[in-house]
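Sharing a structure here in C-alpha coordinates format.
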Amino acid sequence: MAASVLRSACGPLRLGFACLCRRRPPRSLWARARRLPGLVGSARSVAAASGAGAVGSDHYCMELLRKRDYEGYLCSLLLPAQSRSSAFALRAFNVELAQVKDSVSEKTIGLMRMEFWKKTVDDIYRDNPPQQPVALELWKAVKRHNLTKRWLMKIIDEREKNLDDRAYRNIQELENYAENTQSALLYLTLEILGVKDLHADHAASHIGKAQGIVTCLRATPYHGSRRRVFLPMDICMLHGVSQEDFLRKNQDKNVRDVIYDIASQAHLHLKHARSFHKSVPVKAFPAFLQTVALEDYLKKIQRVDFDIFHPSLQQKNTLLPLSLYIQSWRNRY
(Lines give C-alpha, C1' and ligand atoms only; values in the text may rest on other atoms or scores of the structure.)
Protein backbone atom coordinates (compact mmCIF):
# COMPACT_ATOMS: atom_id res chain seq x y z
CA MET A 1 0.00 0.00 0.00
CA ALA A 2 1.46 3.32 -0.97
CA ALA A 3 2.30 5.88 1.66
CA SER A 4 -0.35 8.26 0.35
CA VAL A 5 -3.02 5.64 0.97
CA LEU A 6 -1.61 4.90 4.41
CA ARG A 7 -1.61 8.59 5.26
CA SER A 8 -5.22 9.06 4.23
CA ALA A 9 -6.39 5.87 5.94
CA CYS A 10 -4.43 6.16 9.16
CA GLY A 11 -3.81 9.89 9.38
CA PRO A 12 -0.36 11.41 9.92
CA LEU A 13 2.21 9.57 11.96
CA ARG A 14 1.82 10.55 15.58
CA LEU A 15 5.50 10.97 16.31
CA GLY A 16 6.44 13.12 19.21
CA PHE A 17 6.56 13.27 22.94
CA ALA A 18 4.31 15.36 25.11
CA CYS A 19 5.88 18.74 25.54
CA LEU A 20 8.97 18.46 27.72
CA CYS A 21 8.43 21.97 29.03
CA ARG A 22 5.08 21.15 30.67
CA ARG A 23 6.84 20.94 34.02
CA ARG A 24 10.06 22.87 34.28
CA PRO A 25 12.70 20.98 36.29
CA PRO A 26 14.13 22.72 39.35
CA ARG A 27 16.96 25.13 38.74
CA SER A 28 19.47 22.72 40.31
CA LEU A 29 18.56 20.01 37.81
CA TRP A 30 19.15 22.35 34.89
CA ALA A 31 22.58 23.12 36.34
CA ARG A 32 23.42 19.42 36.61
CA ALA A 33 22.15 18.77 33.10
CA ARG A 34 24.56 21.36 31.72
CA ARG A 35 27.42 19.26 33.02
CA LEU A 36 26.51 16.30 30.81
CA PRO A 37 29.03 15.58 28.03
CA GLY A 38 27.80 17.02 24.78
CA LEU A 39 26.80 20.24 26.50
CA VAL A 40 30.25 20.73 27.99
CA GLY A 41 32.87 18.90 26.01
CA SER A 42 36.00 18.97 28.14
CA ALA A 43 37.65 15.77 29.32
CA ARG A 44 37.26 17.00 32.89
CA SER A 45 33.45 17.25 32.53
CA VAL A 46 33.33 13.75 31.01
CA ALA A 47 35.14 12.32 34.01
CA ALA A 48 32.94 14.24 36.43
CA ALA A 49 29.69 13.22 34.76
CA SER A 50 30.65 9.56 34.58
CA GLY A 51 31.76 9.50 38.18
CA ALA A 52 35.13 8.12 37.13
CA GLY A 53 38.58 9.55 37.28
CA ALA A 54 39.20 6.27 35.58
CA VAL A 55 42.23 4.89 33.87
CA GLY A 56 42.61 1.40 32.50
CA SER A 57 39.96 -0.97 31.14
CA ASP A 58 36.94 0.91 32.51
CA HIS A 59 38.16 4.16 30.95
CA TYR A 60 38.82 2.31 27.68
CA CYS A 61 35.20 1.10 27.55
CA MET A 62 33.83 4.54 28.33
CA GLU A 63 35.94 6.20 25.62
CA LEU A 64 35.11 3.50 23.05
CA LEU A 65 31.44 4.09 23.69
CA ARG A 66 31.77 7.88 23.58
CA LYS A 67 33.43 7.68 20.17
CA ARG A 68 31.42 4.86 18.57
CA ASP A 69 28.00 4.94 20.25
CA TYR A 70 27.50 8.44 21.59
CA GLU A 71 23.77 8.01 22.24
CA GLY A 72 24.41 4.80 24.17
CA TYR A 73 27.17 6.61 26.06
CA LEU A 74 24.81 9.38 27.15
CA CYS A 75 22.11 6.91 28.17
CA SER A 76 24.63 4.92 30.23
CA LEU A 77 25.71 8.08 32.08
CA LEU A 78 22.14 8.47 33.35
CA LEU A 79 21.98 4.99 34.89
CA PRO A 80 22.36 4.64 38.68
CA ALA A 81 26.01 5.02 39.70
CA GLN A 82 26.34 1.39 40.83
CA SER A 83 25.20 0.15 37.39
CA ARG A 84 27.11 2.58 35.18
CA SER A 85 30.45 0.78 34.72
CA SER A 86 28.68 -2.49 33.90
CA ALA A 87 26.53 -0.75 31.31
CA PHE A 88 29.63 0.78 29.72
CA ALA A 89 31.20 -2.69 29.53
CA LEU A 90 28.07 -4.22 28.00
CA ARG A 91 27.68 -1.53 25.36
CA ALA A 92 31.41 -1.55 24.60
CA PHE A 93 31.09 -5.30 23.98
CA ASN A 94 28.25 -4.54 21.55
CA VAL A 95 30.35 -1.89 19.79
CA GLU A 96 33.26 -4.31 19.39
CA LEU A 97 30.94 -6.78 17.66
CA ALA A 98 29.11 -4.17 15.59
CA GLN A 99 32.26 -2.73 14.05
CA VAL A 100 33.63 -6.11 12.91
CA LYS A 101 31.57 -6.08 9.72
CA ASP A 102 32.90 -2.72 8.53
CA SER A 103 36.49 -3.27 9.66
CA VAL A 104 37.31 -6.49 7.80
CA SER A 105 37.92 -6.99 4.10
CA GLU A 106 37.03 -10.68 4.09
CA LYS A 107 34.22 -12.60 5.78
CA THR A 108 36.72 -15.22 6.99
CA ILE A 109 38.51 -12.62 9.11
CA GLY A 110 35.17 -11.48 10.52
CA LEU A 111 34.29 -15.07 11.46
CA MET A 112 37.64 -15.40 13.24
CA ARG A 113 36.91 -12.30 15.31
CA MET A 114 33.46 -13.58 16.20
CA GLU A 115 35.03 -16.87 17.24
CA PHE A 116 37.39 -14.91 19.50
CA TRP A 117 34.41 -13.30 21.25
CA LYS A 118 32.59 -16.62 21.61
CA LYS A 119 35.64 -18.09 23.33
CA THR A 120 36.01 -14.91 25.36
CA VAL A 121 32.47 -15.20 26.71
CA ASP A 122 33.06 -18.86 27.55
CA ASP A 123 36.27 -17.90 29.36
CA ILE A 124 34.50 -15.09 31.22
CA TYR A 125 32.04 -17.58 32.68
CA ARG A 126 34.99 -19.77 33.69
CA ASP A 127 36.52 -16.78 35.52
CA ASN A 128 39.41 -16.73 33.06
CA PRO A 129 38.90 -13.62 30.87
CA PRO A 130 41.60 -12.65 28.36
CA GLN A 131 43.66 -9.53 29.07
CA GLN A 132 41.56 -7.37 26.77
CA PRO A 133 39.91 -4.21 28.23
CA VAL A 134 36.33 -4.91 27.16
CA ALA A 135 36.59 -8.58 28.14
CA LEU A 136 37.91 -7.66 31.60
CA GLU A 137 35.13 -5.15 32.23
CA LEU A 138 32.48 -7.54 30.91
CA TRP A 139 33.81 -10.21 33.27
CA LYS A 140 33.39 -7.80 36.19
CA ALA A 141 29.81 -7.04 35.06
CA VAL A 142 28.98 -10.74 34.78
CA LYS A 143 30.35 -11.40 38.27
CA ARG A 144 28.61 -8.37 39.75
CA HIS A 145 25.15 -8.93 38.24
CA ASN A 146 25.11 -12.62 37.29
CA LEU A 147 24.34 -11.75 33.66
CA THR A 148 22.69 -14.39 31.49
CA LYS A 149 25.25 -15.95 29.16
CA ARG A 150 22.59 -16.87 26.58
CA TRP A 151 21.91 -13.22 25.71
CA LEU A 152 25.60 -12.45 25.19
CA MET A 153 25.96 -15.45 22.88
CA LYS A 154 22.81 -14.49 20.96
CA ILE A 155 24.30 -11.08 20.19
CA ILE A 156 27.48 -12.70 18.87
CA ASP A 157 25.61 -15.34 16.83
CA GLU A 158 23.33 -12.76 15.23
CA ARG A 159 26.20 -10.39 14.41
CA GLU A 160 28.04 -13.32 12.89
CA LYS A 161 25.11 -14.24 10.64
CA ASN A 162 24.91 -10.61 9.59
CA LEU A 163 28.44 -10.66 8.15
CA ASP A 164 26.85 -11.63 4.83
CA ASP A 165 26.31 -8.55 2.67
CA ARG A 166 22.68 -9.07 1.75
CA ALA A 167 19.47 -7.17 2.24
CA TYR A 168 16.86 -8.34 4.71
CA ARG A 169 14.28 -10.42 2.85
CA ASN A 170 11.40 -8.89 4.80
CA ILE A 171 10.68 -6.63 7.74
CA GLN A 172 10.31 -9.66 10.03
CA GLU A 173 13.91 -10.68 9.30
CA LEU A 174 15.09 -7.20 10.28
CA GLU A 175 13.00 -7.38 13.46
CA ASN A 176 14.47 -10.79 14.34
CA TYR A 177 17.97 -9.37 13.93
CA ALA A 178 17.03 -6.42 16.17
CA GLU A 179 15.49 -8.73 18.78
CA ASN A 180 18.65 -10.82 19.02
CA THR A 181 20.98 -7.82 19.21
CA GLN A 182 19.34 -4.61 20.47
CA SER A 183 16.61 -6.25 22.56
CA ALA A 184 19.10 -8.75 24.01
CA LEU A 185 21.26 -5.78 25.01
CA LEU A 186 18.28 -4.29 26.85
CA TYR A 187 17.48 -7.58 28.61
CA LEU A 188 21.04 -7.57 29.95
CA THR A 189 20.74 -3.90 30.96
CA LEU A 190 17.61 -4.77 32.94
CA GLU A 191 19.62 -7.47 34.71
CA ILE A 192 22.27 -4.86 35.54
CA LEU A 193 19.52 -2.72 37.07
CA GLY A 194 18.21 -5.72 39.05
CA VAL A 195 14.88 -5.77 37.21
CA LYS A 196 13.08 -9.06 36.63
CA ASP A 197 9.67 -8.24 35.24
CA LEU A 198 7.65 -9.61 32.31
CA HIS A 199 6.24 -6.21 31.31
CA ALA A 200 9.71 -4.68 31.31
CA ASP A 201 10.89 -7.53 29.06
CA HIS A 202 8.01 -6.90 26.64
CA ALA A 203 8.84 -3.19 26.52
CA ALA A 204 12.53 -4.02 25.97
CA SER A 205 11.63 -6.33 23.08
CA HIS A 206 9.68 -3.62 21.26
CA ILE A 207 12.21 -0.86 21.98
CA GLY A 208 15.03 -3.06 20.72
CA LYS A 209 13.13 -3.75 17.50
CA ALA A 210 12.47 -0.04 17.03
CA GLN A 211 16.18 0.62 17.61
CA GLY A 212 17.18 -1.97 15.01
CA ILE A 213 14.82 -0.53 12.41
CA VAL A 214 15.90 3.06 13.03
CA THR A 215 19.57 2.04 12.92
CA CYS A 216 18.97 0.40 9.54
CA LEU A 217 17.33 3.60 8.24
CA ARG A 218 20.03 5.89 9.63
CA ALA A 219 22.79 3.79 8.08
CA THR A 220 21.20 3.72 4.61
CA PRO A 221 23.12 6.74 3.21
CA TYR A 222 26.42 5.35 4.55
CA HIS A 223 25.75 1.88 3.16
CA GLY A 224 24.67 3.42 -0.14
CA SER A 225 28.02 5.20 -0.40
CA ARG A 226 29.60 1.74 -0.25
CA ARG A 227 27.12 0.40 -2.81
CA ARG A 228 25.19 -1.65 -0.31
CA VAL A 229 21.48 -1.64 0.51
CA PHE A 230 20.07 -3.59 3.45
CA LEU A 231 16.47 -2.32 3.55
CA PRO A 232 13.78 -5.07 3.61
CA MET A 233 13.21 -6.36 0.08
CA ASP A 234 9.51 -7.10 0.59
CA ILE A 235 8.69 -3.43 1.23
CA CYS A 236 10.91 -2.29 -1.66
CA MET A 237 9.15 -4.71 -4.01
CA LEU A 238 5.74 -3.60 -2.75
CA HIS A 239 6.47 -0.09 -4.01
CA GLY A 240 8.39 -1.10 -7.12
CA VAL A 241 11.69 0.23 -5.82
CA SER A 242 15.04 -1.36 -6.65
CA GLN A 243 18.34 -1.25 -4.79
CA GLU A 244 19.69 0.91 -7.60
CA ASP A 245 17.15 3.61 -6.69
CA PHE A 246 18.83 3.96 -3.30
CA LEU A 247 22.33 3.80 -4.75
CA ARG A 248 21.43 6.70 -7.05
CA LYS A 249 19.80 8.60 -4.15
CA ASN A 250 16.50 8.65 -5.98
CA GLN A 251 13.99 10.87 -4.18
CA ASP A 252 10.85 9.76 -6.03
CA LYS A 253 7.62 9.25 -4.14
CA ASN A 254 7.93 5.46 -4.30
CA VAL A 255 11.30 5.60 -2.56
CA ARG A 256 9.87 7.82 0.18
CA ASP A 257 6.93 5.41 0.51
CA VAL A 258 9.38 2.61 1.34
CA ILE A 259 10.99 4.73 4.04
CA TYR A 260 7.56 5.76 5.36
CA ASP A 261 6.47 2.15 5.78
CA ILE A 262 9.68 1.16 7.55
CA ALA A 263 9.65 4.21 9.83
CA SER A 264 5.99 3.52 10.65
CA GLN A 265 6.96 0.04 11.84
CA ALA A 266 9.55 1.53 14.20
CA HIS A 267 6.94 3.98 15.49
CA LEU A 268 4.50 1.13 16.05
CA HIS A 269 7.04 -0.72 18.20
CA LEU A 270 7.61 2.42 20.30
CA LYS A 271 3.85 2.74 20.75
CA HIS A 272 3.59 -0.88 21.89
CA ALA A 273 6.49 -0.41 24.31
CA ARG A 274 4.81 2.61 25.88
CA SER A 275 1.55 0.72 26.28
CA PHE A 276 3.27 -1.15 29.15
CA HIS A 277 4.32 2.10 30.82
CA LYS A 278 2.05 1.78 33.86
CA SER A 279 3.02 -1.85 34.42
CA VAL A 280 6.78 -1.52 34.04
CA PRO A 281 8.69 -0.94 37.32
CA VAL A 282 10.09 2.59 37.55
CA LYS A 283 13.46 1.00 38.29
CA ALA A 284 13.54 -0.22 34.66
CA PHE A 285 12.95 3.18 33.04
CA PRO A 286 16.64 4.22 32.82
CA ALA A 287 17.27 1.21 30.55
CA PHE A 288 14.80 2.62 28.02
CA LEU A 289 16.09 6.20 27.68
CA GLN A 290 17.21 5.51 24.10
CA THR A 291 13.58 6.04 23.07
CA VAL A 292 14.40 9.77 23.21
CA ALA A 293 16.91 9.47 20.36
CA LEU A 294 14.61 7.14 18.40
CA GLU A 295 11.73 9.57 18.70
CA ASP A 296 13.99 12.45 17.66
CA TYR A 297 15.01 10.66 14.46
CA LEU A 298 11.45 9.67 13.57
CA LYS A 299 10.32 13.27 14.03
CA LYS A 300 13.12 14.56 11.81
CA ILE A 301 12.48 12.07 9.02
CA GLN A 302 8.79 12.94 9.08
CA ARG A 303 9.61 16.66 8.76
CA VAL A 304 11.63 16.03 5.57
CA ASP A 305 8.82 13.88 4.09
CA PHE A 306 10.79 10.64 4.49
CA ASP A 307 13.69 11.73 2.29
CA ILE A 308 16.30 9.35 3.72
CA PHE A 309 19.15 11.33 2.11
CA HIS A 310 18.19 14.75 3.50
CA PRO A 311 21.28 16.46 5.03
CA SER A 312 19.43 17.35 8.24
CA LEU A 313 19.18 13.65 9.13
CA GLN A 314 22.98 13.44 9.35
CA GLN A 315 23.26 16.32 11.82
CA LYS A 316 23.85 15.57 15.49
CA ASN A 317 21.17 16.81 17.88
CA THR A 318 23.16 19.04 20.24
CA LEU A 319 20.21 19.16 22.66
CA LEU A 320 20.02 15.38 23.03
CA PRO A 321 21.93 15.30 26.37
CA LEU A 322 19.48 17.80 27.82
CA SER A 323 16.44 15.95 26.42
CA LEU A 324 17.71 12.69 27.87
CA TYR A 325 18.31 14.30 31.25
CA ILE A 326 14.84 15.80 31.41
CA GLN A 327 13.21 12.53 30.38
CA SER A 328 15.22 10.76 33.08
CA TRP A 329 14.10 13.31 35.67
CA ARG A 330 10.47 12.83 34.62
CA ASN A 331 10.70 9.03 34.95
CA ARG A 332 9.40 8.47 31.44
CA TYR A 333 10.43 6.45 28.43
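All values below were derived from every heavy atom in this structure, side-chain atoms included, with hydrogens, water molecules and symmetry-related copies excluded. Computed from a predicted structure; not experimentally measured.
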TODO: State, to 0.1 Å, how close Pro286 and Leu78 come at their nearest heavy-atom pair, and which atoms those are.
DONE: CB-O, 4.5 Å
TODO: Verify, without hydrogens or angle tests, whether Ser328 (side chain) and Leu324 (backbone) share a donor-acceptor contact under 3.5 angstrom.
DONE: no
- [ ] Start with the C-alpha distance between Arg226 and Asp102, add both sets of side-chain angles, then the distance that settles salt bridge (charged side-chain N to carboxylate O under 4.0 Å, His left out), and finish with yes or no.
- [x] CA-CA 10 Å; Arg226 305 183 70 180; Asp102 287 330; 3.1 Å; yes
Open item on the list: Looking only at side-chain N and O atoms, does Gln211 offer a donor or acceptor that is under 3.5 Å from a partner on Thr215?
Closed with: yes
Open item on the list: Show me the pairs that pass ring-ring contact (aromatic ring centres under 6.0 Å, His included) and involve residues 105-126, at least two apart or across chains.
Closed with: Phe93-Trp117
Task: Distance (rounded to the nearest 0.5 Å) between Asn94 CG and Ile156 CD1 - done: 10.5 Å
Task: Chi angles and distances behind the side-chain contact (heavy atoms from CB on, under 4.5 Å) call for Ile308, Ile301 - done: CA-CA 7 Å; Ile308 195 70; Ile301 202 169; 3.8 Å; yes
Task: Separation between CG of Leu65 and CD of Glu96, rounded to the nearest 0.5 Å - done: 11.0 Å
- [ ] Flag the pair Asp245 / Ser242 as yes when at least one side-chain heavy-atom distance between them is below 4.5 Å, and no otherwise.
- [x] yes
Open item on the list: Do Arg227 and Glu244 make a side-chain contact, defined as non-hydrogen atoms from C-beta onward lying under 4.5 Å apart?
Closed with: yes
Open item on the list: Less than 3.5 Å apart, any donor N or O on the side chain of Gln182 or Gln290 sitting next to an acceptor on the other?
Closed with: no
Task: Heavy-atom donor-acceptor pair, Ser103 side chain to Val100 backbone, under 3.5 Å - done: yes
Task: For Asp305, the option from Lys253, Lys300, Arg256 that meets salt bridge (charged side-chain N to carboxylate O under 4.0 Å, His left out) - done: Arg256
Task: Pair Thr148-Glu191, side-chain donor/acceptor within less than 3.5 Å - done: yes
Task: Heavy-atom donor-acceptor pair, Arg84 side chain to Leu79 backbone, under 3.5 Å - done: yes
Open item on the list: Does any part of the side chain of Met112, heavy atoms only, come nearer than 4.5 Å to the side chain of Val104, both counted from C-beta?
Closed with: no
Open item on the list: Could you report the tightest heavy-atom contact between Lys101 and Asp165, atom names first, then the distance?
Closed with: CE-OD1, 3.2 Å
TODO: Test side-chain contact (heavy atoms from CB on, under 4.5 Å) on Arg274 and Thr291 and set out the steps.
DONE: CA-CA 10 Å; Arg274 289 178 178 139; Thr291 56; 3.9 Å; yes
Open item on the list: Quick check: closest heavy atoms across Leu147 and Leu188, and the distance to 0.1 Å?
Closed with: CD2-O, 3.9 Å
Open item on the list: As an exercise, state the distance from CD1 of Ile171 to CE of Met233, rounded to the nearest 0.5 Å.
Closed with: 12.5 Å
- [ ] Would you kindly say whether Arg330 and Tyr325 are connected by a side-chain donor-acceptor distance under 3.5 Å?
- [x] no
- [ ] Might you point out which heavy atoms bring His277 and Asn331 nearest each other, and give the distance in Å?
- [x] NE2-O, 4.0 Å
Open item on the list: Is there a path of hydrophobic side-chain contacts, each under 4.5 Å between heavy atoms, that joins Leu268 and Leu231?
Closed with: no
TODO: Show your reasoning for whether salt bridge (charged side-chain N to carboxylate O under 4.0 Å, His left out) applies to Arg126 and Asp123.
DONE: CA-CA 5 Å; Arg126 296 190 188 105; Asp123 289 343; 3.2 Å; yes
Per-pair distances, 0.1 Å, donor-acceptor, side chain in residues 138-145, under 3.5 Å, sequence neighbours excluded:
{"residue": "Trp139", "atom": "NE1", "partner": "Asp127", "partner atom": "OD1", "Å": "3.0"}
{"residue": "Lys140", "atom": "NZ", "partner": "Glu137", "partner atom": "OE2", "Å": "2.8"}
{"residue": "Lys143", "atom": "NZ", "partner": "Asp127", "partner atom": "OD1", "Å": "3.4"}
{"residue": "Lys143", "atom": "NZ", "partner": "Asp127", "partner atom": "OD2", "Å": "3.3"}
{"residue": "Arg144", "atom": "NH1", "partner": "Ser85", "partner atom": "OG", "Å": "3.4"}
{"residue": "Arg144", "atom": "NH1", "partner": "Ser86", "partner atom": "OG", "Å": "2.7"}
{"residue": "His145", "atom": "ND1", "partner": "Ile192", "partner atom": "O", "Å": "3.4"}
{"residue": "His145", "atom": "NE2", "partner": "Ser86", "partner atom": "OG", "Å": "2.9"}

Task: Side chains of Lys67 and Tyr73 in contact at under 4.5 Å (non-hydrogen atoms) - done: no
Open item on the list: Is the shortest side-chain heavy-atom distance between Tyr168 and Asn176 below 4.5 Å?
Closed with: no
TODO: Measure the acute angle between the ring planes of Phe285 and Tyr333, then classify it against the limits of 30° and 60° as parallel, tilted or perpendicular.
DONE: perpendicular
TODO: May I ask you to test the Ser205-Glu179 pair for a side-chain heavy-atom distance under 4.5 Å?
DONE: yes
Task: Minimum heavy-atom distance between Ile124 and Pro129, given as atom pair plus value - done: CG1-CB, 4.0 Å
Task: Candidates His206, His267, His202, His199 - the one meeting ring pair (Phe, Tyr, Trp, His ring centres under 6.0 Å) with His272 - done: His206
- [ ] Measure the acute angle between the ring planes of His223 and Phe230, then classify it against the limits of 30° and 60° as parallel, tilted or perpendicular.
- [x] perpendicular
TODO: Would you check, one step at a time, whether the test side-chain contact (heavy atoms from CB on, under 4.5 Å) holds for Arg91 with Asp69?
DONE: CA-CA 8 Å; Arg91 286 190 172 271; Asp69 179 14; 3.5 Å; yes
Task: Minimal non-hydrogen separation, Leu313 against Asp307, with atom names - done: CD1-O, 3.3 Å
Open item on the list: Using a strict threshold of under 4.0 Å (side-chain N to carboxylate O), is an ion pair present between Lys161 and Asp157?
Closed with: no
Open item on the list: Membership question, hydrophobic clusters at under 4.5 Å side-chain separation (ILVMFWY): are Leu136 and Tyr60 in the same one?
Closed with: no
Task: Side-chain donor or acceptor of Asn254 paired with backbone N/O of His239 under 3.5 Å - done: yes
Open item on the list: Atom CZ of residue position Arg68 - does it have more than 12 heavy atoms of other residues, nucleotides or ligands inside 6.0 Å?
Closed with: no
Open item on the list: Please report the interatomic distance CG(Leu217) to CG(Leu294), rounded to the nearest 0.5 Å.
Closed with: 11.0 Å
Task: Same apolar cluster: Phe276 and Leu190, side chain cutoff 4.5 Å - done: yes
Open item on the list: As a quick check of understanding, evaluate side-chain contact (heavy atoms from CB on, under 4.5 Å) for Val195 and Tyr187, giving each step before the final call.
Closed with: CA-CA 9 Å; Val195 176; Tyr187 299 147; over 6 Å; no
Open item on the list: Is there a continuous path of hydrophobic side-chain contacts, each under 4.5 Å between heavy atoms, that joins Leu74 to Leu64?
Closed with: yes
- [ ] Any chance you could measure Arg218, atom CZ, to Ile213, atom CD1, to the nearest 0.5 Å?
- [x] 14.0 Å
Task: Side-chain heavy-atom pair Leu238, Asp261 within 4.5 angstrom cut-off - done: yes
Open item on the list: Do Met153 and Leu111 land in one hydrophobic cluster if side-chain heavy atoms of ILVMFWY residues count as linked below 4.5 Å?
Closed with: yes
- [ ] Indicate yes or no: at least one non-hydrogen side-chain atom of Leu270 is less than 4.5 angstrom from one of Leu298.
- [x] yes
Task: Between OG on residue Ser183 and OH on residue Tyr177, distance to nearest 0.5 Å - done: 12.0 Å
Open item on the list: Do Arg303 and Ser312 pair up side chain to side chain, a donor and an acceptor below 3.5 Å, judged on atom types alone?
Closed with: no
